[in-house]
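I have placed the structure first, in the form of structure tokens, so that the comments after it can refer back to it.
A note on names: the letters A, B, ... follow the listed sequences, proteins ahead of strands, and every chain is numbered from 1.
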There are 2 protein chains.
Amino acid sequence: MNSAEAKDLRAAALRVALRARILDAARRIVTRDGFEALSMRKLAEAIGYSPASLYLHFESRDEIARALGREGFAQLLAQLEPLGAIDDPRERLHALAHAYVAFGCAHQQAYRLMYREPEEGGRAGAHGATRATVATVTPAEHELPCEEAARMADLFADALEALAATGNWRHGARGDSALLARALWAMLHGVVALSQLGPGFAHEASLTLIVDAALDGWLGASAAKNGDAAAQHNAPPPPARTAKKTPDCPS
Amino acid sequence: MNSAEAKDLRAAALRVALRARILDAARRIVTRDGFEALSMRKLAEAIGYSPASLYLHFESRDEIARALGREGFAQLLAQLEPLGAIDDPRERLHALAHAYVAFGCAHQQAYRLMYREPEEGGRAGAHGATRATVATVTPAEHELPCEEAARMADLFADALEALAATGNWRHGARGDSALLARALWAMLHGVVALSQLGPGFAHEASLTLIVDAALDGWLGASAAKNGDAAAQHNAPPPPARTAKKTPDCPS
DNA sequence: GTCTATATACTGATAGAC
DNA sequence: GTCTATCAGTATATAGAC
């Protein structure tokens with residue numbers, strides 16, 4: 001029946017719209033007051049509904065947090081993947097690495113949500129529970145959304161392989177580009193995560209310099225440091241190793 | 001007065017003993033059921049006191065968590081610092097790195113507490129508060145206990161400087177050993193943290209191989225891989241690059 | 001189907017009696 | 001110092017109005 005179908009469509013549209021509204025409000029609260037401040041009550045109040053209504057659209061607070069985390073991953077990947085098109089592998093790796101850290105610093109709360117450990121096994125009651133309203137059947141067994149994680153690792157691995165293919169790298173194609181890509185990812189995550197814990201990690205050093213040191217150590221202290229690698233002619237003295245092409249981060 | 005002094009001493013001893021008992025119970029709960037399961041009520045019950053009594057010895061649940069975190073740092077440093085005595089710098093770095101990851105994998109909950117972000121500004125009520133009972137004046141402004149963090153960074157930095165001093169390293173003493181030490185620390189932390197989030201990071205690869213790839217990239221795919229670096233004569237084919245001198249980790 | 005209102009079973013933390 | 005009683009907050013479950 002035509003009118004019935006139309007009604008279904010409209011209802012579905014309303015559902016996704018409301019879901020989006022909930023996520024919007026949640027994102028606002030989290031980026032403003034931190035993840036800890038995200039309570040179902042405040043969230044419900046922010047969108048003008050009762051707390052119980054949220055559970056018609058999300059299985060739990062944790063699912064909302066996970067949705068925001070996946071959003072963060074998508075956002076980060078959206079910033080990184082265009083850089084994957086940079087031809088020169090060394091330049092590409094530098095761009096990817098610094099963009100990664102810049103994102104983590106610029107979107108602290110979103111970043112935390114991406115890598116936050118899920119609240120384990122249902123805390124409160126949850127004895128009976130006939131919860132089938134929300135179709136989210138994701139068993140949520142492992143965190144780090146698989147697809148996004150793979151794309152992230154591949155971005156780095158591809159660049160490393162491209163570098164190895166140039167022959168202009170002592171490392172050669174020894175088949176460990178997948179491993180080194182993971183190490184690179186881990187290093188970048190560590191830099192962002194540790195720097196967010198206070199000044200104890202980076203002290204006065206800038207995160208940019210730490211990342212540069214790591215990259216130089218891996219790729220060889222090389223050219224491709226200043227975007228246009230071809231313009232390597234005797235320019236005025238390089239700005240004393242302080243040329244940051246990425247906005248520096250707090251701490 | 002003599003008896004008064006003696007009484008004070010005894011009271012003080014009781015205080016520290018009780019503090020230790022609280023921490024012991026907290027450690028047991030956390031390592032068994034995770035940090036989320038650590039509630040003041042359960043903790044109080046575990047030591048046979050009322051919840052309110054805990055607040056006579058610790059300012060808050062957060063302070064207990066922080067104390068456990070510092071404990072974890074001390075434990076990790078106690079395992080790492082003896083390795084700082086290894087003469088060969090490359091071997092020393094390998095030993096430090098793998099011991100770090102092994103610790104993180106073996107003591108997951110303790111490790112999380114070490115790098116946990118503090119629960120920001122008092123969540124609940126906390127309106128009045130005349131809290132002076134506990135002498136802990138630590139303003140808790142920055143996490144990552146400064147002293148421990150510095151010792152950790154120095155362990156790595158010293159080894160890198162020792163390596164640079166041998167001249168047997170393309171990197172030379174360019175003054176960035178402090179920076180590379182931070183990058184190394186970040187990489188190790190990233191490996192532990194990401195691996196704890198599920199199989200999405202390391203996939204089927206072992207963490208040991210990832211760390212080896214990173215170290216080889218920084219230090220040069222070199223000797224010192226098998227404890228005795230002098231025994232580099234043509235040994236039977238190296239065990240297909242799977243020789244793990246550190247017990248492998250979950251995921 | 002969707003939402004409100006209410007109930008349960010927790011949480012960290014505090015005031016005040018003893 | 002230690003307790004009881006309580007506050008104000010939390011996530012979540014369920015009953016029932018519309």
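Applying the side-chain contact (heavy atoms from CB on, under 4.5 Å) test to B:Ala26 and every residue at least two apart in sequence or in another chain returns B:Leu38, B:Leu43, B:Ile64, B:Leu68. Not counting sequence neighbours, the partners of A:Gln75 by the side-chain contact (heavy atoms from CB on, under 4.5 Å) test are A:Phe103, A:His107. Shown here are the ring pair (Phe, Tyr, Trp, His ring centres under 6.0 Å) partners of A:Tyr115, two or more places apart in sequence or in another chain: A:Phe73, A:Tyr111, A:His189. For B:Phe156, there are no ring pair (Phe, Tyr, Trp, His ring centres under 6.0 Å) partners at least two apart in sequence or on another chain.
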Might you list the N or O atoms of the protein lying below 3.5 Å from N or O atoms in nucleotides 16-18 of chain D, with each pair's distance?
none

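Atom CG in A:Leu54 sits roughly 17 Å away from atom P in D:dT14 (whole-Å rounding). Between A:Lys7 atom NZ and C:dT2 atom C1' the separation is 13 Å, expressed in whole Å. Separating the CD atom of B:Glu45 from the P atom of D:dT4 is a distance of 13 Å, rounded to the nearest angstrom. Put simply, CZ on B:Phe58 is 15 Å from P on D:dG1, counting in whole angstrom units. Atom pair A:Glu59:CD and D:dT12:P shows a separation of 9 Å (rounding to whole Å applied). The separation between B:Glu36 atom CD and C:dG12 atom C1' is 14 Å, rounded to whole Å. Distance CG (B:Leu43) to P (C:dT11): 12 Å, rounded to an integer number of Å. A:Asp62 has its CG atom 11 Å from the C1' atom of D:dA11, to the nearest Å.
The residue among B:Ser39 and A:Tyr49 whose nearest nucleotide of DNA chain C lies closer to the 5′ end is A:Tyr49. Between B:Lys42 and A:Leu18, it is A:Leu18 whose nearest contact on DNA chain C lies nearer the 5' terminus. Mapped onto DNA chain D by nearest heavy atom, A:Met40 and A:Ala52 fall at different nucleotides, with A:Met40 at the one closer to the 5' end.
In this structure, A:Arg27 fails the cation-pi test against A:Phe35, since its NZ or CZ atom is not both closer than 6.0 Å to the six-membered ring centre and inside 45 degrees of the ring normal.
Taking the side chain of A:Tyr55 as heavy atoms from C-beta on, and the options D:dG1, C:dT14, D:dA11, the nearest nucleotide is D:dA11.
In this structure, A:Ser50 does not reach the C:dC3 phosphate: none of its side-chain N or O atoms is under 4.0 Å from OP1 or OP2. Using a 4.0 Å cut-off, some side-chain N or O of A:His57 falls inside it from OP1 or OP2 of C:dC3.
Sorted by first then second residue, the salt bridge (charged side-chain N to carboxylate O under 4.0 Å, His left out) pairs that include residues 178-205 of chain B, not counting sequence neighbours, number zero.
Not a single donor-acceptor pair, N or O on each side, falls under 3.5 Å between the base of D:dG9 and the side chain of A:Arg41.
Nucleic acid contact for B:Leu38: sugar-phosphate only, since backbone atoms but no base atoms lie under 4.0 Å from a heavy atom of the residue. Contact annotation for A:Leu14: no contact, since no heavy-atom pair falls under 4.0 Å across all strands.
Only one option out of B:Val211, B:Asp212, B:Ile210 pairs with B:Thr208 in a side-chain contact (heavy atoms from CB on, under 4.5 Å); it is B:Asp212.
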